[in-house]
Amino acid sequence: MSNETDEMNLATRCIHAGDTVDSATGAVMPQICTSTTFRQPAFDEPGEHVYARASNPTRDALERCVAALESGVRGLAYASGMAATAGVLELLDAGQHVIAPADIYGGSLRLFKQVRTRTSGLEFSFVDFSDLANVEQAIRPNTRLIWIETPTNPLLNIIDIAAVASLAKANDLLIAVDNTFATPCVQRPLESGCDIVMHSSTKYLGGHSDVLGGLVVVTDDELGQRLASLRSAVGAVAGPFDAYLVLRGIKTLALRMERHQSNALAIARWLAAHPRAERVLYPGLADHPGHALAAQQMAGFGGVVSFVLRGGASAVGPALNALRVFTLAESLGGVESLVGHPATMSHSSLSAAERASLGIPDNLIRLSVGIEHVDDLLADLDRVLGAS
Ligand SMILES: Cc1ncc(COP(=O)(O)O)c(C=O)c1O
């Protein structure tokens, strides 16, 4: 029922998109197909599946589902979010140029600056996307791709997706959006003119902190085919168990995002009134510089809240060690609330000077607000911030 679901609400589509009922058995959830190879019907006549690096029925079901949710024509599941990002970069030739914001996920920056510059001869410019003139000025004859992330990790800046997409189109550039923080329940960049959406499905799509994965969705069949060939050549595909877990996670995505977002908004408002929070970064707060844009391009404001803790870097350790409901851990987007310290965790691959220039102070704390009861989350923060 894939085409039938296109007109339905997102919450319904999360459950039915991609027509994932097994047509052979009627199984409501697709089987976890572990076979790595598939019998050919006859000599020189490959069947639907040939070898698991190229395609696998469980992975296909996830790919159909996410392509439908993101309003694309083709989905591709990778072994991790970083493998998905690297897979998009494989589209480029040595010597081509990419423009990206400076404040994106630290792992993406590491891949761009420390790996693909050296191994693929790619060139990168990092600019402030709050003024599109910066992006326009950064375009060179060899520019091929604009890569954005919105909201950004960990500063939660908002980028105008439709405006960047039209700039990209006017200059014949590809535009890719890391949609990990928002999910297709909250924003669908392909509907705003983007070519490529990427996800770390390790986060909200998987949703339970038990699977590593990455996804790419595109609007163009030929681009999808090129990505599929490149992925098959390089090999960083999602395994069948992992594909199954992400597909299972997506079934409850809409419900979880509602709770993540309502909890995050309540916590951001509470922190904004708390004397221990020097600054609260959450696009749902009226004083956030991206608030109006977020209200326009997102259905909600996401589940991540960052704040600067009063008392400097030395106050961070005692506070984070004292939290009980929030777990001190990397990652985000799972049902459980996590707390992270970008300077020593997600953005530790950047130098102190790079972090300072991005505006990531050593007392910045990032909360991945889970779906627990909000009163318990507030009580945990209240106990710790009141006492530390
Ligand atoms: C916004 C964003 N993009 C990409 C990634 C990388 O994903 P993965 O850890 O699944 O490789 C992360 C991981 O934290 C992320 O937060």
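As the structure lists them, so they are numbered: ligands from 1, and atoms in each ligand from 1.
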Practice problem: Go through E149 and T180 one step at a time and tell me if the side chain to side chain contact (heavy atoms under 4.5 Å, CB included) criterion holds. | Solution: CA-CA 8 Å; E149 181 183 302; T180 300; over 6 Å; no

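By the 6.0 Å contact criterion, CD on E45 is enclosed, its count of non-hydrogen atoms from other residues, nucleotides or ligands being greater than 12. More than 12 non-hydrogen atoms from other residues, nucleotides or ligands lie less than 6.0 angstrom from CZ of R259.
Set against the non-hydrogen atoms of N153, the atoms of ligand 1 under 4.0 Å away are 16 (O). Listed by atom number, the atoms of ligand 1 under 4.0 Å from K203 heavy atoms are 7 (O), 9 (O), 12 (C), 13 (C), 14 (O). For ligand 1, the atoms sitting less than 4.0 Å from at least one non-hydrogen atom of G81 are 7 (O), 8 (P), 10 (O), 11 (O), numbered in the order shown with element in parentheses. Residue-ligand proximity, G213 to ligand 1, at heavy-atom distances under 4.0 Å covers atoms 10 (O).
The protein heavy-atom contact nearest to atom 11 (O) of ligand 1 is M82 N, 2.9 Å. Scanning the protein for heavy atoms near atom 15 (C) of ligand 1, the closest one is Y105 CG, 3.6 Å.
Put simply, NZ on K251 and CZ on R256 are 12.5 Å apart, with the number rounded to the nearest 0.5 Å.
The aromatic rings of F124 and F112 sit parallel to each other, their planes meeting at less than 30°, with 60° as the upper class boundary.
Ring-centre distance between H288 and F301: not below the 6.0 Å cut-off.
Selection from T85, L212, D178 by nearest heavy atom to atom 2 (C) of ligand 1 gives D178. Looking at N179, T202, T152, it is T202 that brings a heavy atom closest to atom 10 (O) of ligand 1.
Between H199 and E70, the side chains place a donor N or O and an acceptor N or O closer than 3.5 Å (distance only, hydrogens not considered).
Between E149 and ligand 1, a contact under 3.5 Å exists for no N or O pair.
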